[in-house]
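Notes to accompany the following structure.
Reminder, nothing fancy here: chain letters follow the sequence lines and each chain counts from 1. Scope of the values below: all heavy atoms of this structure, side chains included, with no hydrogens, waters or symmetry mates.
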Amino acid sequence: MTEVRVRFAPSPTGTLHIGGVRTALYSWLYARQQGGKFILRVEDTDQGRSTEESARVIVESLRWLGLDWDEGPEVGGPNGPYFQSQRLDIYREVVEKLIASGHAYRCYATKEEIEAAREAFAARTGRKEGFTFESPYRDGKQPADPSAPHVVRFKAPREGTTAWDDLIKGRIEIQHSTLQDFVLVRPDGMPLYNLGCVVDDITMGVTLVARGDDHMINTTPQILIYQALGAKVPEFAHVPMVLAPNGQKLSKRHAAVGVLEYRDMGYLPDAVLNYLVRLGWSYGDQEIFTRAELIEKFSWDRVGAQASRYDAKKFAYVQGEHLRMLDDARLAEEVAPFLEARGVKVAPDDPRLVKAMPYLKPRAVTLVELAEAAEYFFVDEPAMDEKAAAKFLTPEAVPHLRWLASTIAGVEPFTDAQLSPHVTAAMEAEGLTMKEIAQPARVALTGRTKSPGLFEVMEVLGKDATLARLERAIERAGT
RNA sequence: GGCCCCAUCGUCUAGCGGUUAGGACAUCGGCCUCUCACGCCGGUAACAGGGGUUCGAGUCCCCUUGGGGUCACCA
């Protein structure tokens, strides 16, 4: 059996968006499952639109997601270079072969001539779509000047069909009559998509091509190139689009499209992968998967053929599940940078931070929310919500806070397990209830009305800080 | 418009000829409760329409409708 070799081949013309991530993810999962190779190749032959910045963002995005590649930018490999703009010599050689074998020809028709033909077509048919250019050079017309600017076109068959068995879409068959003599090389020598893609996939030994289903139209021309070159045609898997909630094309209006935005919003890479994999792929009733499970369970035949819509709510749910799955030490490491971004310096292995995690994580979805919820533990004085203070830190609350302070002062160890029964019993003896005590105390300790359980907060805070905060609140409420 | 793809709850989906059409998110009730969450229990909610094939169609075929993609010297 030959080694599975799959690639992700983005063009660096923007951020890596979630649709692209899903395609990359499926490919990566398949490569990892099969013990094959995952190749990253940058298709930057459009000099006008490609940017180095975009290539950097794509690499950074994949790194953050943990979709590591065996060959490609930064890691190299035996079939490099992995930027198409550095592979021009390879394409040139292949094109000469195609021309020599009669599969391609030089076309000297100018853009103006093609445009004129297009307009004549529009005048004749009343529509501008569906135009195919018939080059006079296809059948051997000689140019006035062979050194004049020209493109190279593929001599597409006019009859017959091309078919393939798509791993996702099933058998697809296309009539050659719908094809035109597509351009392989621009006048400046830069290859076009269909040529570069096929040549690279051949020379890189790619066995399975997975891409968005908006590329399905390109598959027939590409198969024809494989055949003209006498190369083995790989398998194809055309992954459906990810659409906006309203069924339209996904854009920044509908969602954060670039994956790095999710990193900044405090999403976990595994959650992003989990959400995206389930968008189109299913495994019975299971919704939440670890990375290892995904690698084990993924298969192309369980990828749906229809487009799916982005759902931010479900995404948030999946993220919340992954947040809660993470063990406390790891979670503390993840959240520390987000605390620091808020101006709160905490060591990632601070014991209080780790101890707070079990109490905080049921109440947060993103790392940003988690940091927000952890903040008051690590500042000298919690930021006071004035509305909360006005409502709960009243003169009437003072006796309760005093009572609470004196009741807990002698508790050792100062933990939820000790505090909770001790205070409850004392309250009962005094005829007090948690309802009267809890909210004023919560505001005193955290500065807000929502938090983990009162005694859990006390445990993380420690006795000194707890008593100090109660004292300050009593002073404030007493005036 | 031509060509191509697609079609089960609002959304993601299970279903691969015989099911009370299942799960998840969302939504609506309720429980738990010191707040907020988490969690738990329950409800509403779908086979686009029409023809076939078959003893029997969500499942197979055709048409219609609807949605998407694509018609470049972009990828």
- Any side-chain donor near an acceptor of the partner, A/Asp200 and A/Tyr91, under 3.5 Å: yes

- Can you check whether A/Lys435 has a side-chain N or O nearer than 4.0 Å to OP1 or OP2 of B/U35? yes

- Query: Do A/Asp213 side-chain and B/G69 base share a donor-acceptor contact under 3.5 Å?
  - Reply: no

- Message: Is A/Gln286 close enough to B/G23 that one of its side-chain N or O atoms is under 4.0 Å from OP1 or OP2 there?
- Response: no

- Regarding A/Asp270 and A/His322, is there a side-chain donor-to-acceptor distance under 3.5 Å anywhere? no

- Separation between the P atoms of B/C41 and B/A24, rounded to whole Å: 9 Å

- Message: I'd like the P distance from B/C5 over to B/C63, given in whole Å.
- Response: 12 Å

- Taking CG from A/Asn218 and C1' from B/C5, how many angstroms apart are they, rounded to a whole number? 14 Å

- Query: Heavy atoms, side chains only, cut-off 4.5 Å: are A/Thr290 and A/Glu293 in contact?
  - Reply: yes

- Ignoring the backbone of A/Arg153, work out which of B/A75, B/C38, B/C73 is nearest its side chain. B/C73

- Going by the side-chain contact (heavy atoms from CB on, under 4.5 Å) test, name the single residue among A/Val57, A/Thr15, A/Leu16, A/Leu62 that passes it with A/Val259. A/Leu16

- Message: Using OP1 and OP2 only, check whether a side-chain N or O of A/Ser451 sits under 4.0 Å from B/U35.
- Response: no

- For A/Gln47 and B/A72, give me the distance from atom CD to atom C1', rounded to whole Å. 17 Å

- Item | Inter-nucleotide C1' distance (B/G67, B/U53), Å rounded | 28 Å

- Evaluation steps, ring-ring contact (aromatic ring centres under 6.0 Å, His included), between A/Tyr105 and A/Tyr137: CA-CA 7 Å; A/Tyr105 60 92; A/Tyr137 300 92; 7.9 Å; no

- Of the candidates B/G23, B/C12, B/C5, the side chain of A/Asp285 sits closest to B/G23

- Would you say the side-chain atoms of A/Thr219 and A/Arg211 include a donor-acceptor pair closer than 3.5 Å? yes

- Query: Can you check the A/Ile174 CD1 to B/U70 C1' distance for me, whole Å?
  - Reply: 11 Å

- Salt-bridge present (A/Arg7, A/Asp201; N to O < 4.0 Å): yes

- Rounding to the closest angstrom, what is the interatomic distance between B/G66 and B/U33 at atom C1'? 49 Å

- Item | Distance, P atom - from B/U54 to B/G68, rounded to whole angstrom | 37 Å

- Message: Would the base of B/G68 count as contacting A/Gln248 through its side chain, where contact means a donor and an acceptor less than 3.5 Å apart?
- Response: no

- Task: Determine: side-chain N/O of A/Arg186 to OP1/OP2 of B/A75, distance under 4.0 Å, yes or no.
- Result: yes

- Message: Check the phosphate of B/A75 against A/Thr45, side-chain N and O only, distance under 4.0 Å to OP1 or OP2. Yes or no?
- Response: yes

- Would you mind reading off the distance between A/Met434 atom CE and B/C32 atom P, rounded to a whole angstrom? 17 Å

- With the side chain defined as heavy atoms from C-beta on, A/Lys111 is closest, among B/C5, B/A75, B/C73, to B/C73

- Message: Please report the distance, rounded to the nearest Å, between CG in A/Leu179 and C1' in B/U70.
- Response: 13 Å

- Check every atom of B/C25, B/U70, B/U35 against the side chain of A/Arg442 and return the nucleotide holding the closest atom. B/U35

- Picking from B/C34, B/C5, B/C73, which would you name as closest to the side chain of A/Ile114? B/C73

- Integer-rounded Å distance: B/C34 P and A/Asp416 CG: 13 Å

- Message: Does A/Asn194 contact B/A75 through a side-chain donor or acceptor facing the base, at a distance under 3.5 Å?
- Response: no

- Gap between atoms CZ and P, on A/Phe131 and B/A72 respectively (whole Å): 9 Å

- Task: Please state how far atom OH in A/Tyr91 lies from atom C1' in B/A75, giving the value in whole angstrom units.
- Result: 13 Å

- Message: Taking B/U65 as the reference, what is the distance to B/G29 when you measure between their P atoms (whole Å, please)?
- Response: 42 Å

- Basic-acidic side-chain contact under 4.0 Å: A/Arg106, A/Glu96: yes

- Query: In terms of side-chain heavy atoms, does A/Glu396 have a donor or acceptor partner in A/Thr394 at a distance below 3.5 Å?
  - Reply: yes

- Note on the structure: Assign each of A/Pro10 and A/Arg127 the nucleotide of RNA chain B bearing its closest heavy atom; nearer the 5' end lies the nucleotide of A/Arg127

- Message: Using heavy-atom distances to pick each residue's nearest nucleotide on RNA chain B, tell me which of A/Pro452 and A/Met216 is more 5'.
- Response: A/Met216

- When you get a sec, tell me which of B/C73, B/A75, B/U13 is the closest nucleotide to the side chain of A/Asp46? B/A75

- Task: Please tell me which of the listed nucleotides, B/A75, B/G10, B/C73, lies nearest to the side chain of A/Asp311?
- Result: B/G10

- When you compare B/U64 with B/U70, how far apart are their P atoms, in angstrom units rounded to a whole number? 24 Å

- Message: So if I take residues 297-309 of chain A and measure heavy-atom distances to RNA chain B, which residues fall below 4.0 Å?
- Response: A/Arg302, A/Ala305, A/Gln306, A/Ser308, A/Arg309

- Does the separation of the ring centres of A/His215 and A/Tyr193 fall below 6.0 angstrom? yes

- Message: Could you check whether the side chain of A/Arg363 and the base of B/C38 have a donor-acceptor pair of N or O atoms closer than 3.5 Å, going by distance alone?
- Response: no

- Message: Under 4.0 Å from OP1 or OP2 of B/C25: is there any side-chain N or O of A/Tyr317 that close?
- Response: yes

- Using the P atom in both, what is the distance from B/U27 to B/A37, to the nearest Å? 12 Å

- Query: Which part of the nucleic acid, if any, lies within reach of A/Ser177 when heavy atoms closer than 4.0 Å are counted: base, sugar-phosphate only, or nothing?
  - Reply: nothing

